[in-house]
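Side chains are part of it too, since the values below use all heavy atoms of this structure and drop only hydrogens, waters and symmetry mates.
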Amino acid sequence: SSKADQDSLWANTIQAAVIRKKPEWFMHDTWRGKLCRFLHSGLVTHTLNLLLVVDIILLIASMQIEVYFLESQVEDYESAYEHHAESLEHYGNHNLLEREEHLKAASIGILSVFAFEICLCAFAEAIVYFQNPLNYLDIVVITVSLYFEVEGENTSGGILVLVRCWRFLRLLHGVFDILEEEDEEKE
């Protein structure tokens with residue numbers, strides 16, 4: 001019986017964390033109800049999931065371009081050595097560095113969309129938004145990701161990947177939301 005109670009508690013905890021509780025005004029015809037329904041719509045969920053995938057691709061591409069740039073600096077090492085350079089800062093293919101900055105800017109734009117969505121959800125759902133632990137996680141992941149994209153240096157790349165990979169679980173969160181909406185529509 002104790003094992004069954006623990007399993008049931010565990011299942012209820014996971015369900016509470018994954019399935020978004022909707023505020024009582026969700027179906028009301030007020031601005032707040034309309035905003036909630038829009039933010040929970042398939043269009044918004046699919047768009048955010050697509051942006052998430054694009055952001056992960058941008059992050060990986062950016063890291064790969066950074067590696068190519070560092071390799072180009074190493075290839076220019078002989079020239080730097082001949083010129084008695086104290087650093088490799090002016091050596092290497094700087095076009096790669098410029099491309100990486102463009103990818104970084106696109107990633108910051110996507111992260112800003114996520115931050116805006118978080119603000120809208122918190123505003124529309126009020127206290128209900130903060131009852132889901134995954135929402136806190138989203139806030140932390142987006143904030144940390146934005147910080148590392150804007151202020152981070154090369155050493156933050158590994159941390160950024162780990163933090164962003166957690167966002168893949170948001171895809172599951174989105175899938176659960178869509179499945180829940182489909183179930184509600186059938187009823």
Side-chain angles (χ1 to χ4, degrees), residues 18 20 31 34-77 79-80 83 85-125 129-130 132-178:
V18 174
R20 288 186 186 184
W31 65 269
K34 289 176 184 177
L35 182 58
C36 284
R37 288 191 302 278
F38 173 72
L39 292 170
H40 286 274
S41 71
L43 173 67
V44 172
T45 303
H46 293 313
T47 301
L48 291 173
N49 287 339
L50 176 64
L51 285 174
L52 172 60
V53 171
V54 169
D55 189 45
I56 296 294
I57 291 169
L58 289 174
L59 178 64
I60 292 169
S62 177
M63 290 177 64
Q64 189 61 46
I65 287 174
E66 186 178 336
V67 167
Y68 290 151
F69 173 72
L70 293 173
E71 286 174 352
S72 74
Q73 281 187 313
V74 170
E75 289 171 4
D76 287 352
Y77 176 74
S79 175
H83 293 99
E86 293 183 20
S87 76
L88 293 175
E89 183 178 328
H90 301 296
Y91 295 90
N93 184 348
H94 286 274
N95 289 332
L96 292 172
L97 204 55
E98 187 177 316
R99 288 183 186 141
E100 192 223 353
E101 286 299 316
H102 291 301
L103 294 177
K104 185 176 176 181
S107 184
I108 290 170
I110 290 172
L111 289 169
S112 297
V113 169
F114 290 143
F116 185 62
E117 181 254 349
I118 287 171
C119 291
L120 285 176
C121 283
F123 184 66
E125 297 176 21
Y129 180 80
F130 297 101
N132 186 327
L134 287 180
N135 291 336
Y136 286 104
L137 189 61
D138 274 349
I139 292 168
V140 169
V141 168
I142 294 304
T143 303
V144 170
S145 294
L146 270 169
Y147 173 79
F148 280 120
E149 282 289 3
V150 173
E151 297 293 329
E153 293 296 322
N154 299 339
T155 56
S156 66
I159 296 168
L160 195 57
V161 169
L162 290 175
V163 169
R164 290 277 185 79
C165 284
W166 177 259
R167 294 284 296 163
F168 272 121
L169 290 180
R170 184 184 168 104
L171 281 170
L172 291 176
H173 193 202
V175 168
F176 279 111
D177 284 344
I178 291 168

Measure the shortest side-chain to side-chain distance between Val67 and Gln64 over non-hydrogen atoms and say whether it is less than 4.5 angstrom. yes
Do Leu120 and Phe38 have side-chain heavy atoms sitting under 4.5 Å apart? no
Has Ser62 got a side-chain atom pairing as donor or acceptor with Leu59's backbone, closer than 3.5 angstrom? no
With rounding to the nearest 0.5 Å, note down the distance linking CG in Asp55 to CG in Leu50. 11.0 Å
Hey, is the main chain of Glu149 close enough, under 3.5 Å, to the side chain of Lys104 for a donor-acceptor pair? yes
In Å and rounded to the nearest 0.5 Å, what is the CG to CG distance from Leu48 to Leu43? 9.0 Å
Kindly determine whether Glu100 and Tyr68 satisfy side-chain contact (heavy atoms from CB on, under 4.5 Å), including the steps that lead there. CA-CA 10 Å; Glu100 192 223 353; Tyr68 290 151; over 6 Å; no
Passes side-chain contact (heavy atoms from CB on, under 4.5 Å), Leu146 versus Glu151? Steps please. CA-CA 8 Å; Leu146 270 169; Glu151 297 293 329; over 6 Å; no
Would you say Phe130 and Ile139 make side-chain contact, with heavy atoms under 4.5 Å? yes
Heavy-atom check, side chain of Glu98 versus side chain of His102, under 4.5 Å: yes
One should read off an interatomic distance between Glu66 CD and Leu97 CG, to the nearest 0.5 angstrom, of 8.5 Å
Checking Ser107 side chain against Leu103 main chain: does a donor-acceptor pair fall under 3.5 Å? no
Starting at SG of Cys36, measure out to CH2 of Trp31 and round the result to the nearest 0.5 Å. 8.5 Å
Start with the C-alpha distance between Ile108 and Ser112, add both sets of side-chain angles, then the distance that settles side-chain contact (heavy atoms from CB on, under 4.5 Å), and finish with yes or no. CA-CA 6 Å; Ile108 290 170; Ser112 297; 4.2 Å; yes
Roughly how far, to the nearest 0.5 Å, is OG1 of Thr45 from CD of Glu117? 8.0 Å
Under 3.5 Å donor-acceptor, Asn135 side chain and Tyr129 backbone: yes
Test side-chain contact (heavy atoms from CB on, under 4.5 Å) applied to Leu96 and Arg99, step by step: CA-CA 5 Å; Leu96 292 172; Arg99 288 183 186 141; 4.1 Å; yes
Rounded to the nearest 0.5 Å, what separates atom CD1 in Ile110 from atom CG in Leu58? 5.0 Å
